Amino acid sequence: MANTWGYGAMTNHFGDIVGHSKAIFVIGANSAVANPIGFKHMLQAKDRNNAKLIVVDPVYTRSAAKADHYLRIRSGTDIALIYGILHVIFKNGWEDKQFIEQRTYGIEDVKKEAEKWTPEVASDVTGIPAEQIVQIATLLAKTKPATVVWALGITQHSVGSSNTRILPILQLVLGNMGKKGGGCNIIRGHDNVQGSTDMCNLADSLPGYYGLADGSWKHFAKGWGVDFEWIQKRFFEPKWMNAKGFSLAKWYQGVLQEEKTYSSSPIRALWIQGTGITSMSQTLKVKEALDKLDLLVIAEPFVNEAAVITDKKDDVYILPACTQFETEGSVTATNRSAQWRSKVIEPLYESKSDEQIMFEFAKKFGFYDEFVRGMMMGVKEGKIQQVKKDFVWPDDASDEIARIIKTIGLDGWTAKRLRKHQENWHMFDPITLEGKGPMKGEYYGLPWPCWNENHGGSPILYDVDTSVKEGGMGFRNRFGLEHNGVSQMADDKVTVKGSLVQGGYPEITKDNIEKVLGITLSDAEKALIGANWKVDYSGIIEKKCMEKGVAPYGNARARAIVWEFPDPVPMHREPIHSPRTDLVAKYPTYEDQKNNFRVEVKYKSEQQKQDWVKDFPTMIVSMRVVNLSGAGMLERTSKYLSHITPEMFANIHPDLALSYGIRDGEDMWLHAPHGTKIKVKAHHNVSVTPDRICLPYNFAGVFQGVDLSANYPEGTKPYTIGESSNIITNYGFDIITQISEYNAGLCRVEKA
Amino acid sequence: MSEMARMKFYCDDKRCIECFACSVACAEAHELPVGISRRKVVTLFDGVEGKEISTSIACMHCTDAPCEQVCPVDCFYIREDGIVLHDKDKCIGCGYCLYACPFGAPQFPRDGAFGHKGSMDKCTMCAGGPLETNSKEERELYGQNRIAEGKVPMCAAVCSTNALLVGDAEMVSDIYRNRVASRGKNA
Ligand code: SF4
Ligand code: SF4
């Protein structure tokens, strides 16, 4: 997504779906279960707009049960389906030619690839009838605006980063971008996932998607009031500052070193704060790595199952972190809007808030002053400097974020404003997000980019029919000025409403600002201005841009070719463990990857090691249950929620189950290609076809048939425990992001 | 609410997604023992394409409540607003009401742990029972009395899709009628 048009976030919002969408194409998302309140908006759109709901999923989900059209897809073939749809669209000339011509780059290459994907070819790969592909293509072409909705069912594949490009491409071809009721609405699965993504709690970027280049570190060093060299010295060698760290998906190889790693040292200590360890794949490897660590520290409100699955006896520490109800601050909703939350009660017992734990930690390690100084900084006379001697939590933390994070336009997100939105939420329209009365001119939660303290936020990204001041903009200029001699700026005819600069323009820098905006800077301004809009603490670039109705990040073309990726246009590639050996030959996966996130990753060598489907004939599809989230460690401590799913199970078609002699409610073993197995209850269910089973990933506490109850510290065992499905999640990772291939894989069923 | 108000539940099965919010919130609010469901969420034709349907069921607070008619000790009483309640001190736990009830609303304890909540338990539409309003005793035996506090019953308040409607029968049918009327009309 970000590689297509600049930002990788939901472009529109739920209210907009209710208000304007005429068709809703949901793929790789089961919102009825994962986001019930979000799903309400789709049901309201059905009721109010007669919107057509299309659900694409390998199993007949609760969301599918509400759909007007259900497409049963084979896992891992989303790209083939979309090409099938594009084929029909192009063949009939239904593409939005003007949009493509004026606001995109590289669609020709997509068209060429789509030519191969007749509905029949796409049908053979996806398992969806050809007539249904034609029907849905026709519906999407004739029903505008249509929105595309997805979640983890799209990202969690070895081709995840191509999946997340082919769907934006579909919307570009249909001309649904930057429109009310259109857009790509990626739904985040948990509270504040957008916030933690924006803060880049990741191994490959500083907060705000700044990346790891020296320039980015320098920007942060300034904002934090510390020397760049001081930060640099904290690394083993300077070069590691710019290298991606280990990812959450494969960190265990940093300990085990069974696959080749590229790091300054093996991992010896692990600190876990806020992630369920059993929600990662390759759980057996995770366990082995935990066993081998020198030190394991867990800071969580509930006992993280890392402490339970490991046999490690010494040097395991569990620190009680308090819950969100015992803290205060801002969170970010799936639609890029902020929400301030108040503390309901003081932290219970000896538990501490996350930031308190980090403060104590920083004190012990001797860098507390540097750690908190960013909160005492401010911009005075156009310069960033320390402006006070103390800080107030959490307001000064929020203000620090607003001061530093310019890439996604958090400039306007000061604590004061966010608090005001919380206090006045009744003054906002739930469909348009527009404020009324004293809140007029602002959108609820100031969806980013929110360019400055007077800006009202941007509810719909890339909408050129709205002025920048009111939240409009073109696509972001992020990939250079030209490619293969073709300008990446939007066409001359694409002038953002109210802009004094005609047509497309590049992102604004110190060097081009005078030329692009047609202004002359004073010497004083020249002395203060930062190198570009992303690092300009003086605020001059942003201010001058607003005066001209210009978005600081440019007005460019969305690109369908990502030239730095292994597949410049998205290509269908079979999952690492595919049930279709014939198609593996035709659509093989990537060559093995030497080093991504400091570790090598197997692709072709694993995919073609053997004819997997012979021994593992059944597809695995993962699912969520509505009462549990993530690893379920929080919800399984609630007796009422536990009661809904008292045990781990898999949905299995009666025909498949009975062919193994497994009756409804009996135990069965599921074996994975990498030699692991889990024992779960068989639930006869026809939401799955006989070629696949479907199982929730929200359990832990039983490991390959062994009950780990004894490993829970006294009094902490949840009401329900069960096998973690990730024990059998197959080997496989996305080529770019390294996210695990949770949603395509194989297994063998056996009567227990 | 007018004098003629009659409180009713309605669950729109085109909306209900079996999220269990209503039944879990009910259990939490009234501190019910696990296994006693004043409100149940059911899915019929689970997984069957084009047929699957989910809905949430509790006591429907019938106008001519069959439970009231068959109760041998006359423990049921119907409030002016139509809410059907019963007196747990009178109830002998015979189970006649369960036979009479078309919705399986009356719940019976499975073990002694439930004893203190009386013999039969069912949805009160969050209106408590015959004991002193909002007293500790009422709360323990019948759960919260949200109606007395002017609040919406818990289940409908938390329904994630607005499937579950509650209130004066006329208002409920107005909301539903509008929803149905606009369905497919592009309104
Ligand atoms: S318990 Fe059953 S019969 Fe009695 S009012 Fe409720 S739904 Fe009607
Ligand atoms: S809360 Fe609403 S949608 Fe969820 S199960 Fe209950 S009635 Fe259905």
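Computed from a prediction, not measured in an experiment: that's the story for all the values here. Basis for what follows: all heavy atoms, side chains included, without hydrogens, waters or symmetry-related copies.
For OH of B/Y96, the number of neighbouring non-hydrogen atoms (other residues, nucleotides, ligands) closer than 6.0 Å is 12 at most. Heavy-atom neighbours of A/F325 CZ from other residues, nucleotides or ligands within 6.0 Å: at or below the threshold of 12. Applying the 6.0 Å contact sphere to CD of B/E170 captures no more than 12 heavy atoms from other residues, nucleotides or ligands. More than 12 heavy atoms of other residues, nucleotides or ligands lie within 6.0 Å of CD in B/Q69, so this atom counts as buried by the packing criterion. Summarising the local packing, CZ of B/R79 is surrounded by more than 12 heavy atoms from other residues, nucleotides or ligands at distances under 6.0 Å. Around NZ of B/K8, the count of heavy atoms belonging to other residues, nucleotides or ligands within 6.0 Å exceeds 12.
Once rounded to the nearest 0.5 Å, the distance linking OG of B/S54 with NZ of A/K66 reads 5.0 Å. To the nearest 0.5 Å, atom NZ of residue A/K40 and atom SG of residue B/C159 are 8.0 Å apart. The line from CD1 of A/I644 to OG of B/S23 is 5.5 Å long, rounded to the nearest 0.5 Å. Atom-to-atom distance recorded for B/E52:CD and A/S687:OG is 7.5 Å, nearest 0.5 angstrom. Rounding to the nearest 0.5 Å gives a distance of 9.0 Å between CZ of B/R179 and CG of A/L43.
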Test side-chain contact (heavy atoms from CB on, under 4.5 Å) applied to B/N162 and A/Q44, step by step: CA-CA 9 Å; B/N162 298 357; A/Q44 285 175 329; 4.2 Å; yes

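Considering only heavy-atom pairs separated by less than 4.5 Å from chain A, the leading option among B/D46, B/V24, B/I53, B/V41 is B/D46.
Looking at A/S642, there are no atoms closer than 4.5 Å to chain B (heavy atoms on both sides), in backbone or side chain. When heavy atoms are compared at a cutoff of 4.5 Å, B/C16 approaches chain A solely by way of its backbone atoms N, CA, C and O. For a residue to count as touching a neighbouring chain, one of its non-hydrogen atoms must lie under 4.5 Å from one of that chain's; by this rule B/T43 touches chain A with the side chain only. Within the 4.5 angstrom heavy-atom criterion, no atom of A/V33 approaches chain B.
Closest approach of B/G47 to A/N685, counting heavy atoms only: CA-OD1, 4.3 Å. Residues A/Y60 and B/V48 share a closest heavy-atom pair of CE2-O, 3.5 Å. Pairing each heavy atom of B/I17 with each of A/A32, the nearest pair is CD1-O, 3.2 Å.
Ion pair A/D47/B/R15 flagged as a salt bridge, since at least one NZ, NE, NH1 or NH2 atom sits closer than 4.0 Å to an Asp/Glu carboxylate oxygen.
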